[in-house]
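Scroll down for the structure; my scribbles are underneath it.
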Protein chains: 2
Amino acid sequence: MARPRSSSAHQKVLRAALELFGERGIDGTSMDAVAQASGVSKATIYHHWADKEALLMEAMLLVHGLDRESKEVDTEDLCRDLTTVLTRRNPDEFETERERLTPTLIAYSALHPKFGKVWRDGFIQPPRRSLTRILRRGMESGQLPADLDLELALAILLGPIMYVHMFRRESRPDFDYIGSTVAEAFCRGFAVEQAKLSKLPKTRRITVSGRLR
Amino acid sequence: MARPRSSSAHQKVLRAALELFGERGIDGTSMDAVAQASGVSKATIYHHWADKEALLMEAMLLVHGLDRESKEVDTEDLCRDLTTVLTRRNPDEFETERERLTPTLIAYSALHPKFGKVWRDGFIQPPRRSLTRILRRGMESGQLPADLDLELALAILLGPIMYVHMFRRESRPDFDYIGSTVAEAFCRGFAVEQAKLSKLPKTRRITVSGRLR
DNA sequence: TAGGCGATACTAAACCGTTCAGTATTGAAA
DNA sequence: TTTCAATACTGAACGGTTTAGTATCGCCTA
């Protein structure tokens, strides 16, 4: 028909929104500020997005990567598979923005359950599912204890990475290094062969799913 | 002089603020809402605190426990010491409030560096220091590799607990269980005796401070 | 009787979302 | 190639709401 929407304006707004959301928080960023920073008029912004939340949602999708191919890995080598998933980088170009946005999204998700569900389903669950599949295979093949506490295992694998994301941002840590180290430490700590070699007295053995025995 | 300030009003405001900050976030909580919820007039609130940030600060101190005895532990048993620190509960009565407030504080700290510094110095650093001391002893005594990457070790120890706090709040996890399991897994993964028994091929040995060799 | 207290009104600023007149840009018909 | 209708964009203004913080009252108590 007639004039199509300017995708350049669309992109400029998204970039500016990302920048500002990360810098000042979501509540701390007014639509006027987005308009000014992007150079796109507020009226136009409201033609492209219904409201601030819609803009936030698309910005989040952009920064987290829209594709999210969650290719599965299965190389028989438990530790290698875990490492692969834990060191998998997101399609990056928005790494900085994502890093800065993450704390804000955590808080926002805690306060807005609806948004939180979308965020978690889209970006927290996928790696959890990949890891879960690998762990289950390990349990079935006997490499891991059959009564492994999955929830705890996921926390042990993903927690350190999140921790570093959260508190060591300025020191620009090497996430590949962390991911592989965590995976290997996990395997050492939980793989059945290792457990059998443990010299820890039985009373302090880890049962992993139950408490200490 | 004359009439002293009502400590009851003071407490009521703090409690209400905690409740609301946790429930709606900091930016999402107006001083009017605090006044209404506490039953204390806004004028009185501003007699007790200079501004919203001062109120937030005191509320945070309250919820995190003002005392914070950071008793050191040293029982020659590395793993036991780590477990002790990781399962140390805070003086509780405000557990619920603290749990709810944490995501908000993470975001707020990321956006307000000044506040963030106080928060981290007060409540993130102490356990880190305790653990660091224990880890150093382990390195000196030879129980841990001399070139252990402290930053990474801290992430591995504290990350899983934070992860569970963050994402598994509803499932009411048992933090003592997590703390002790993480400590023991860490010891298995990194203690030198265990490492020597490792059957992993040398090329996949973990050097812990450097990358993979 | 000095000063804390509650109630309420107030200010100045910021916010979101809407509206509108005027201008620029487009695809398609002529 | 020209024309034209349809739509997007700008810039500015505006309404209604909310905010942090101040000010002004009497009332009440240590």
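Side chains included, hydrogens not; waters and symmetry mates left out as well; all remaining heavy atoms used. Chain letters run A, B, ... following the sequence lines, proteins first, then strands; residues in each count from 1.
For B:T44 and C:dC5, the shortest distance from a side-chain N or O to OP1 or OP2 is not below 4.0 Å. Put simply, A:H48 has a side-chain N or O that comes within less than 4.0 Å of OP1 or OP2 on D:dC9.
Ring orientation note: the planes of B:W119 and B:H64 are nearly perpendicular, at an angle over 60° on the 30°/60° scale. Between B:H10 and B:H48, the ring-plane angle classifies as tilted under the 30° and 60° cut-offs.
A salt bridge is defined here as a Lys NZ or Arg NE, NH1 or NH2 lying under 4.0 Å from an Asp or Glu carboxylate O, and B:E95 with B:R100 fails to meet this definition. Note on A:R15 versus A:E93: salt bridge recorded, some NZ/NE/NH1/NH2 to OD/OE distance being below 4.0 Å.
A donor and an acceptor atom sit less than 3.5 Å apart, one in the side chain of A:K42 and one in the base of C:dG17.
Atom CG in A:D51 sits roughly 5 Å away from atom P in C:dG17 (whole-Å rounding). Atom P of nucleotide D:dA12 and atom CD of A:Q36 are separated by 11 Å, given to the nearest angstrom.
The B:A9 side chain lies nearest to C:dC5 when the options are D:dC9, C:dC5, D:dA20. Side-chain proximity of A:R3 to the nucleotides C:dT19, D:dA8, C:dC15 is greatest for D:dA8. In the set C:dA7, D:dC9, D:dA12, D:dA12 carries the atom at the smallest distance from any side-chain atom of A:A43. Among the nucleotides C:dG6, C:dC20, D:dA20, the one closest to any side-chain atom of B:K52 is D:dA20. Considering only the side chain of A:M31, C:dC16 comes nearest among C:dG6, C:dC16, D:dG21. Side-chain proximity of B:Y46 to C:dC16, D:dA20, D:dT10: nearest is D:dA20.
Backbone-only engagement by A:T29 is indicated by non-hydrogen atom pairs under 4.0 Å involving sugar-phosphate atoms exclusively. Within 4.0 Å of B:G28, counting heavy atoms only, lies no atom of the nucleic acid at all.
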